[in-house]
Amino acid sequence: MTYFLMVMNLDERLNPTEKRAAYSLALLFALRMAGLFMLMPVLAVYGQELVGFSPLWVGFAIGAYGLTQAMFQIPMGWLSDKVGRKPIIFLGLSIFALGSVVAATADSIYGIALGRALQGMGAIASTVMALAADLSRETQRAKVMAFIGVSIGLSFAASLVLGPILSAYLGLSGLFWLIAVLSVFAMFVVRFAVPSADSKAPSGEVSANSKQMLELLKHPQLLRLDWGVFTLHLVLTALFVVMPFRLLDAGLNAENHWQVYLPAVLISFVLMVPLLIIAAKRNQQRAFFIFAISLLLFANALLLINGSSIWVLGVILAVFFVGFNYLEASLPALISNLCPPGNKGAALGVFSTSQFLGAFIGGSSAGVLYTAGGASLVSWFAIALLIIWIVVSLGLRAQSGIKSYSLTISSPDQPASILEKLQVLPGVVEAVVIASDNTVYLKVKTKEFELARALDLVRAA
């Protein structure tokens, strides 16, 4: 058996497998997150006809999804290490569809909250992100993760516009039925569009165990990002417990709320994309990261000062979305770059758990605070947490000392045996084979790894 080996230039663009992974996983995430985002601007309005309706229970219904997501992210990720990524993704999407059906048939706010909790039990975010990492080289991984992050932002934007429009025609029950159909469509995306990968990464690199979790809770860089995603989704869900009521008070009917959301979202994307490009070119990611948090802070402060005009509410939403979309696109790439070797799975597990725990606390706390002191109390709560986030983010730094190689092998009859030999070489952190692409990706510690030994090993095979 003869092997031809080539070391590729890692400054290149995404290869075909990485492009396919980026596009398909981004679509999967967009469909999945639509189930969360489409309900946020309409539940407080169209849920008023439900038995037991109150701002308090609206907050719980919005946040219930996040609670069960936080509870099941790590167990589902652990199962994906045992039985494979795709089977767990299928399982999660099936549970999500079931929760959508339960909510669609409910006639009380309590039933909606139960359906939302069931939706959240289909927790696949960490599994999808781990699959994205398996399918990409280290140097290209940030691009794939950022692409997924942008897709979440686009899904968010489209959902804010489509949610009010569709709810006007379908009602709240019809919207849940539509979300169930979208989850079935997502299963077809997984089956026919998402590539498969055979991973030989060390177990700690793709799974979360208790020892690693405790170590990561002491990691100052990852804690900054975990706090960040927690705060980001907390202030997001809190805002959408309050904002529908604000728009109604300003005299805008529920079916016309999209007229404020659409221009605000479009303006935010026009402004957000240049920020991402400039930050990358100038290598000033931390400065722009903190600036984006400041935009969230400014939006909440403006909501305190003057939140009674439709025009002002539109400006507030545009400013908020610029910051939110920038941070949502940046955080997955940062968590991938900063997580220590051998802890990728645990890092993603903590990150995803923090994200959805923030969504739960944001919705439930906003419901409590709105009931107790009105919208201003919710804004003060968000402002306090955002100030803490800015202080915490001052210590962010980039990772160094890690490099990736792409090895192309023709006619790999036994790729698994090659990987078993490569992964024991000094300095090798991760080895992943993409059988359909005849490619092996190596993530290595530059001070310990010798490329010549890897080349000799493969040739000898």
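Numbering of residues begins at 1 and proceeds along the displayed sequence. Only this structure's heavy atoms are used, side chains among them; waters, hydrogens and symmetry mates stay out.
- Surrounding CD of Gln48 are more than 12 heavy atoms belonging to other residues, nucleotides or ligands, all under 6.0 Å away.
- Ring geometry for Phe188 versus Phe192: interplanar angle under 30°, hence parallel rather than tilted (30 to 60°).
- Surrounding CE of Met187 are more than 12 heavy atoms belonging to other residues, nucleotides or ligands, all under 6.0 Å away.
- With ring centers used as reference points, Phe245 lies under 6.0 Å from Tyr370.
- Distance check: Thr353 OG1 to Phe351 CZ gives 11.0 Å after rounding to the nearest 0.5 Å.
- Residues Phe60 and Phe360 place their aromatic rings such that the two centres sit no closer than 6.0 Å.
- Side-chain contact, Ser376 with Trp380: no donor N or O sits under 3.5 Å from an acceptor N or O.
- Residue Phe288 qualifies as enclosed at atom CZ: its count of foreign heavy atoms under 6.0 Å is above 12.
- Side chains of Ser393 and Arg224: a donor-acceptor N/O pair is absent below 3.5 angstrom, by distance only.
- More than 12 heavy atoms of other shown residues, nucleotides or ligands fall within 6.0 angstrom of atom CZ in Phe269.
- Remark: Ile165 CD1 to Glu255 CD distance equals 11.0 Å, nearest 0.5 Å.
- Looking at His233 and Gln69, their side chains never bring a donor and an acceptor atom within 3.5 Å of each other.
- Here the CG-CG distance, from Leu131 to Leu28, works out to 9.0 Å after rounding to the nearest 0.5 Å.
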